[in-house]
Amino acid sequence: MANVTVINTDRVTGSINRNIYGHFSEHLGRCIYEGIWVGEDSDIPNTKGIRNDVLEALRKLSLPVLRWPGGCFADEYHWRDGIGPRETRKRMINTHWGGVVENNHFGTHEFLLLCELLGCEPYINGNVGSGTVQEMQEWVEYMTFDGESPMANERAANGRKEPWKVSYFGVGNENWGCGGNMRPEYYADLYRRYQTYVRNYGGNRIFRIACGASDFDYNWTEVLMREAGRYMDGLTLHYYTITHNWQHKGSATEFETSEWFETLRKSLVMDELLKKHSTIMDKYDPQKRISLIVDEWGTWHDVEPGTNPGFLYQQNTMRDALVAAATLHIFHKHCDRVRMANLAQTVNVLQSVVLTEGARMALTPTYHVFDMFQVHHDAEALDVSHQADDYSAGGSSIPQTSVSASRGKDGLIHISMCNLSHDEPAELKFELRGLAGQPDNGLKFSGTLLQGGALNAHNSFEQPEQVSPTELTAIEQNADGTIAVTLPPASVAVLRVG
Ligand code: AHR
């Protein structure tokens, strides 16, 4: 049997919000410090303290939205510690992540500068767990009030007269766990109270995001929607792909083929989660006004040997690239409800797109997937009917291939696809319906392929180009007008039509 796909190019199923391609950067390990912020006096070339190589790499991804400062760090963060002259900022202990000194050199001004340099939307996560309503209200006023006010005056005194535009604001993070160990009923009431003071000043309009569930906690979604749905614009969901369990997650680079399979199987659980959480949201919000925001997702492996366990530093192989591609396809499928997602985390933490070591930088296979999939940003999702072969191991089965298609604002159609099998190539056959021209009279096909050879192929600082995209050449136009693409095992590709 072949992997057969019919793409109805004249049937649009939704819009793929570019924010689905968002990222998350926490004060955790070497994500902010070293990974993004090196300080103005560093030997590493930088722009006002932000390292240029990482800036450039992230710019190339057209990163749409960046979440900060946490994570668990958010509910311990007091924003006033991170403003004013850097040399007098409070030094504190990052109790959650590694117990290291946090000197607060990267604060509100630095983060919003980073967003300006990247041309992305900031998504600020406020503190409910250990912060006050007044603190949250004043932070929003500090960032966005235009004119004369105590906070706006303080902002100007700290060097920024103009307010920033802040669109996305999260009221707490994981408040069922590290953000205060609350019950959903209690958090729902707190959310209603805190969000009241997250005000729209001047022309700034804030999209208020409530803390949502982890994994399969459908009761949390139910209670939040029932008790506080009318006060929110977005509700979050966190889901990490862990090969084994929290005590023994498994190595990022040394794994068996059974672990390859299990990781991919677990990443596909995202589909079931989105379906079930969306069904609950539909009950209270049939118009789909409220977005489901997967603001933490990705693989979570054991840390690299010899690194601080609290820093969550892991390598990133073709296995992670496959998880990224298959998950992004799932987000496309649910784009009527899922309008933002934030991969955890941007640099040096969990499933990063960029790794750094001193002045050196490497782009991960996951980076290349995000790069290749840029064509889907804000594109129209097309109706895809994909029949996949089974990929089986250890008594379980998952689809061998995954496909998604969209039409961009330029009218071009792109079909992204991946072959999850560790050892079988995939013969994919595409029938494109509803196109004015037929493949044999004018349409051209070209594409990009990401494959690594070995399943654990990755980019190191010594060999940063080990895994990088190449041209997809195995494309054939059949006499019946269908298109055949052969994907090597463990690979991701994007086909361009037109
Ligand atoms: O991304 C790492 C941590 O995972 C975040 O701080 C927290 O929100 C989640 O548990």
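Everything quoted here is computed from the prediction, not taken from an experiment. Order of appearance sets the numbers: ligands from 1, and atoms from 1 within every ligand.
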Identify whether the distance between the nearest side-chain nitrogen and carboxylate oxygen of K90 and E102 falls below 4.0 Å. no
Would you say the side chains of T253 and N456 form a donor-acceptor pair under 3.5 Å? no
Mark yes when over 12 heavy atoms from residues, nucleotides or ligands other than E256 sit less than 6.0 Å from its CD; otherwise mark no. no
Is the OH atom of Y218 crowded by more than 12 outside heavy atoms at less than 6.0 Å? yes
Is it the case that atom CG in D43 sees more than 12 heavy atoms from other parts of the structure closer than 6.0 Å? no
Show me which atoms of ligand 1 lie under 4.0 Å from any heavy atom of Q345. 1 (O), 2 (C)
Side chains of W297 and Q351: any donor to acceptor distance under 3.5 Å? no
Check whether any heavy atom of F73 sits under 4.0 Å from an atom of ligand 1. no
Return a yes/no value for N173: is any of its N or O atoms, backbone included, closer than 3.5 angstrom to an N or O of ligand 1? yes
Just need the protein heavy atom nearest to atom 10 (O) of ligand 1, so name the residue and atom and give the distance. E174 OE1, 2.7 Å
Geometry only, no angles: is L312 polar-contacting ligand 1 at N/O separations under 3.5 Å? no
So between W300, W297, Y240, whose heavy atom ends up nearest atom 1 (O) of ligand 1? Y240
Out of all atoms in ligand 1, which are within 4.0 Å of some heavy atom of F24? Include the element for each. 1 (O)
Among all the protein's non-hydrogen atoms, which is closest to atom 8 (O) of ligand 1, and how far away is it? E296 OE2, 2.7 Å
Which heavy atom of L224 sits nearest to which heavy atom of C211, and what is that distance? CG-O, 4.0 Å
Under 4.0 Å from a heavy atom of G71: which atoms of ligand 1 are those, numbered in the order shown and with their elements? 5 (C), 6 (O), 8 (O)
Around atom CZ of F311, are there more than 12 heavy atoms from other residues, nucleotides or ligands closer than 6.0 Å? yes
Of all the atoms in ligand 1, which lie at a distance below 4.0 Å from a heavy atom belonging to L350? 1 (O), 2 (C)
So the atoms of ligand 1 within less than 4.0 Å of a heavy atom of C72 turn out to be 5 (C), 6 (O), 7 (C), 8 (O)
